[in-house]
Amino acid sequence: MEIPPQNSSAILFAQLAALLRLAWRNILRYQRRSLITLSAISLGIWSAVALAALARGVSNQLVEDGIRNFLGHAQVHARGYLDDPSVVYSFEMPSTEQVFAELGSDLQKWAARVRVPAVINSERESAGVTFMGIDPERERGLSFIGDAAIEGRALNSSEDEGIIIGAKLAEVLKTAVGKRVVVASQAYRTAESEQQVAQRGFRVVGIFRAELETIERSYVFTGVATAQRLLRMGSHISEISILTPRNRDRVDPFISVLQSRLPNLEVKPWYSIEPMLRALIKVQGGFLYLWFLIVIAVICFGLVNTLYMGVVERTREFGLVQSIGMKPKMLRLQVLIESMLLLLLGALIGTLFSILTVHYFSSGIDLASFAKGTQFVGMRSKIYPTLRLDDMCVVNGLVLVLGLLSSLMPALKASRLEPAAAFRSV
Amino acid sequence: MANATVVMAWRNLWRNRRRTLLTMGAITFSCAVLVFFVALQLSSYETSIKATLAVFQGHLQLQAPGFLETPQMRESLENPLERQRRAAAVSGVKATAVRAQGFALISSATRSLGALVVGVQPEHEPQVSTLPHTIREGRFLRSDDAARVVIGTKLARSLEAAVGTELTLLGQGWDGSVAASVVTVVGIFESGAPEIDRSVVEMPLSVFQDVFSLGDRAHAVILTLDDLNTAAVAQQKVSDAIQDPFVQVLRWEQLIPGLKSAIELDFIAGWLFYSSLVLIVAFTILNTFLMTILERTREFGVMMALGTTPNRISALIVSECCLITLLGLALGIIVGGAVTMYFGVVGFSLPGAEDIQAHWHLPVELHTRLKPLALVLGPGLIVVAALIAVLYPVWKVRKLTTMEALRAV
């Protein structure tokens with residue numbers, strides 16, 4: 001009987017479908033072996049993704065904190081300020097204001113500040129600090145001081161003449177709410193006859209708490225107008241900090257647009273001002289990818305083993321199917337598909353477990369016992385694991401690719417078993 | 001008896017070469033990774049600590065009891081030279097230097113900034129701190145200098161000062177009086193630590209004591225030791241030599257507790273990763289042996305029929321596991337050790353980590369040293385994990401009855 005010529009791709013498709021069904025049934029048949037292989041794959045993926053989420057959580061927190069500790073997504077300064085944050089490098093506010101108004105929705109929040117190094121004296125002690133004149137309304141949601149917990153009262157406007165200092169600084173200076181402190185800093189000098197250093201007394205109206213002691217020690221705040229008056233800046237300011245509604249890694253286009261509108265000033269993204277933050281993320285990412293490779297390599301050693309043993313265990317079965325006409329190529333494909341199914345399933349389970357684990361720890365992991373250490377590196381003492389899609393994709397991708405490679409030899413072995421010899425073996 | 005078990009175990013291993021080699025491969029690979037990574041971590045800690053302390057902190061410090069909490073002018077040390085002499089006489093102490101410090105406003109013709117002024121002994125300071133060796137312009141202080149200072153590059157830039165510039169110094173003296181002086185910049189240093197380059201001004205100790213009305217008092221005696229690892233012992237010896245309840249002898253861990261804690265944190269974080277790898281290796285061993293005993297059920301049945309006790313069979317399996325593990329570990333240690341020593345010569349550097357390395361005072365190329373701890377921790381954990389892993393397959397074997405086993409395929 002003549003078999004009419006059929007579409008070859010249709011045949012292929014039918015064959016694949018059949019193989020798929022066979023493969024799936026075999027997996028279910030050899031439960032123990034499948035379970036063993038699945039558990040190894042899921043364990044590896046779960047551990048890799050969960051640990052990566054932990055590590056990412058730490059670095060993510062560091063960056064977010066950096067941004068809240070006045071970096072913002074971008075900052076605007078007069079040229080030369082970043083090298084030498086002096087009152088000399090300040091710029092005019094009003095013209096900039098109009099540019100910002102034009103940018104509209106690309107700008108989520110912005111705030112203008114006076115920011116200079118200063119010396120603060122209480123009755124008993126003195127310390128070096130960064131003196132910041134802020135507009136408390138604008139800082140809300142932009143930097144940490146806008147929403148910080150303050151004992152006493154917060155600054156109420158940019159005209160506020162009180163000063164807010166950190167809890168640790170209050171301790172060092174042995175001062176408290178209601179007491180007086182003197183702030184001295186270099187002022188703007190238009191004539192030789194003017195004093196270089198300006199100083200005045202401030203009443204401490206509030207004491208703030210921050211996650212990091214260094215922040216509490218280093219920053220003091222008053223109203224922008226007050227600072228401008230003290231330093232004889234007129235309407236000049238030291239910096240503008242900006243938050244965009246985008247992802248913090250995608251601020252480049254915004255930066256270039258803003259820079260072109262402000263040709264006389266310097267517009268810089270957060271990662272240029274604090275390059276160590278980005279370096280940390282890059283290095284960490286590099287290490288994590290290397291780690292993924294290591295973990296999956298170890299899993300693959302075990303995978304090749306279990307696949308080989310599984311194939312050898314089924315010598316008779318393979319002998320049988322080949323003796324009734326299954327082509328070696330098809331058998332190889334079947335074994336490959338079986339292993340692919342196990343890999344996919346294992347990857348799915350592992351990923352699912354890691355998502356559950358991260359969710360379980362979503363309220364944070366407390367590192368209170370390492371508080372001194374975390375403070376030293378600028379970390380908070382609570383970590384929030386953060387899953388990243390690219391990490392999950394890389395891990396799963398590596399498992400599938402390397403797992404597939406590991407399955408090639410066992411698949412080859414399966415097809416090489418001689419039916420007759422296989423039958424005779426026990 | 002035991003010998004026979006081991007010989008049989010050894011032979012069993014090589015009956016299925018591929019399986020043994022693959023299992024060993026997993027163990028060797030993870031062991032090598034663990035040995036190298038732990039050695040890398042430990043080397044970087046050691047280097048970082050040494051480098052950080054060398055810049056300014058020193059290994060031990062003698063201070064007045066209140067100085068650590070509130071480093072202010074009034075927390076001063078009496079008879080610092082006498083203490084220095086006594087401390088220098090203690091064995092193990094390499095060098096000593098006396099310092100006094102205080103906060104002051106420094107002004108040039110055009111700029112004013114707050115800075116930490118440190119009075120140092122020009123003959124001794126270079127032996128306890130690397131700062132005097134990082135002079136970029138001009139020179140470091142000399143014993144015969146009067147009102148001369150050295151400042152950091154960042155500070156020089158912010159003050160618009162250079163070698164030869166005159167600076168005014170305004171602060172508060174020990175007795176509450178105004179401390180003021182005019183000093184000349186004689187050298188500019190670049191220690192590499194931004195906080196130091198931005199805010200430290202060094203002047204001769206005698207001049208400092210004069211300007212700040214300290215008399216012959218100071219604030220700290222800095223000690224460096226021949227061997228940093230003997231710090232605790234040295235601390236005790238120095239304390240005994242000084243014999244004064246009003247002088248505190250502090251180790252670097254107490255001076256910068258954050259550094260030790262940060263290192264511990266990093267080490268533990270590393271171990272989170274390493275233990276996950278050990279877990280996976282243990283799992284691999286478990287799987288391998290599980291499948292092995294499934295395959296050899298009939299063989300065990302024959303053995304049991306011939307009179308082998310379940311104990312002997314358990315011993316056999318455990319021996320096989322031990323042999324594979326020990327062999328794998330031995331190879332892993334060799335490979336890991338070799339990689340560590342290779343980087344010890346060539347130097348290990350992470351691309352893109354320059355900023356981070358600078359921050360932790362790590363050189364761009366880290367020369368990894370093989371530490372005994374690195375050779376023991378990883379492999380040790382794998383041995384323990386392997387022994388635990390093999391328990392389940394052994395348990396399964398013990399449940400076999402001879403008849404069932406013989407009937408297996």
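Below, chains carry the letters A, B, ... as their sequence lines are ordered, and counting in each starts from 1. These numbers come from a predicted model, not from an experiment. Side-chain atoms are counted along with the backbone in the values below, which use heavy atoms only and exclude waters and symmetry mates.
Contacts with chain B were tallied for A/Arg32, A/Arg33, A/Glu171, A/Lys282; A/Arg32 has the most, counting heavy-atom pairs under 4.5 Å. Comparing A/Gly310, A/Ser86, A/Ala187 by heavy-atom pairs within less than 4.5 Å of chain B, the highest count is held by A/Ser86. With chain B as the partner, the residue from A/Val129, A/Thr306, A/Asn121 showing the most heavy-atom pairs under 4.5 Å is A/Thr306. Of all the listed residues (A/Val58, A/Leu280, A/Val87), the one sharing the greatest number of non-hydrogen pairs under 4.5 Å with chain B is A/Leu280. Between chain A and the options B/Gly114, B/Ser158, B/Gly102, the largest number of non-hydrogen pairs under 4.5 Å is found for B/Ser158. Between chain A and the residues B/Leu259, B/Ile263, B/Ile256, the most heavy-atom pairs under 4.5 angstrom are made by B/Leu259. If you tally non-hydrogen atom pairs under 4.5 Å between each of B/Glu69, B/Gln72, B/Lys154, B/Gln172 and chain A, the highest count goes to B/Gln72. Residue with the most contacts toward chain B among A/Gly302, A/Gly44, A/Gly128: A/Gly128 (heavy-atom pairs, distance under 4.5 Å). For the options B/Thr284, B/Leu290, B/Ile280, heavy-atom pairs under 4.5 Å to chain A are most numerous at B/Ile280. Between chain A and the residues B/Ile285, B/Asn16, B/Thr110, B/Leu286, the largest count of heavy-atom pairs under 4.5 Å involves B/Thr110.
Proximity to chain A is absent for every atom of B/Arg198, based on heavy atoms less than 4.5 angstrom apart. In this structure, no portion of B/Ala269 lies under 4.5 Å from any heavy atom of chain A. Residue contact with chain B, scored on non-hydrogen atoms closer than 4.5 Å, is absent for A/Leu303. Residue B/Ser108 touches chain A through its backbone alone, counting heavy-atom pairs closer than 4.5 Å. Only the side chain of A/Leu288 comes within contact range of chain B, with at least one heavy atom under 4.5 Å from a heavy atom of that chain. Using a 4.5 Å cut-off between heavy atoms, A/Ser39 touches chain B through backbone and side chain atoms alike. Heavy atoms of A/Arg278 lying under 4.5 Å from chain B are absent altogether. For A/Val283, the part lying under 4.5 angstrom from a heavy atom of chain B is the side chain only. Both the backbone and the side chain of B/Phe273 come within less than 4.5 Å of a heavy atom in chain A. The contact between A/Leu290 and chain B is made entirely by side chain atoms (from C-beta outward), counting heavy-atom distances below 4.5 Å.
Geometrically, B/Arg18 engages A/Tyr308 in a cation-pi contact defined by less than 6.0 Å to the ring centre and at most 45° from the axis.
Judged as a side-chain hydrogen bond (donor to acceptor under 3.5 Å, both in side chains), the pairs with a partner in residues 43-57 of chain A (not counting sequence neighbours) are, in order, A/Trp46-A/Thr357, A/Arg56-A/Asp391.
Within the 4.5 Å cutoff, side-chain heavy atoms of A/Ile294 are placed close to those of B/Leu277. Using a 4.5 Å heavy-atom threshold, the side chains of B/Leu113 and A/Gln186 count as separate. Two residues are said to be in side-chain contact when any heavy atoms from C-beta on lie closer than 4.5 Å; B/Ile27 and A/Phe301 fail this criterion. A/Val88 has its side chain within reach of B/Arg111: a pair of non-hydrogen atoms, C-beta onward, lies under 4.5 Å apart. Contact of the A/Met309 side chain with the B/Thr288 side chain is registered, since non-hydrogen atoms from C-beta on lie closer than 4.5 Å. The side-chain heavy atoms of B/Thr70 and A/Val172, taken from C-beta on, include no pair separated by under 4.5 Å. Inter-residue side-chain proximity for B/Glu295 and A/Glu313 is flagged as unmet; no heavy-atom pair is nearer than 4.5 Å. In this structure, A/Asp84 and B/Arg157 have side chains that are not in contact, with every pair of non-hydrogen atoms separated by 4.5 Å or more.
Taking all atoms of both residues into account, the shortest heavy-atom contact from B/Phe29 to A/Ala297 is CE2-CB, 3.6 Å. Across A/Ile36 and B/Met291, no two heavy atoms sit closer than the pair CD1-CG, 4.1 Å. When all heavy atoms are compared, the tightest approach of B/Ser276 to A/Trp291 is OG-CZ2, 3.8 Å.
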Before giving the answer on side-chain contact (heavy atoms from CB on, under 4.5 Å), spell out for A/Leu54 and B/Leu272 the whole-Å C-alpha distance, their side-chain angles and the decisive distance to 0.1 Å.
-> CA-CA 10 Å; A/Leu54 206 70; B/Leu272 273 180; 3.6 Å; yes

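By the neighbour-count criterion of 12 heavy atoms within 6.0 Å, atom CZ of B/Arg15 is densely surrounded, having more than that number from other residues, nucleotides or ligands. Crowding of A/Phe353 atom CZ: a count of heavy atoms from other residues, nucleotides or ligands under 6.0 Å not exceeding 12. No more than 12 heavy-atom neighbours from other residues, nucleotides or ligands sit within 6.0 angstrom of NZ on A/Lys413. The environment of B/Gln254 atom CD is dense: over 12 non-hydrogen atoms of other residues, nucleotides or ligands sit within 6.0 angstrom.
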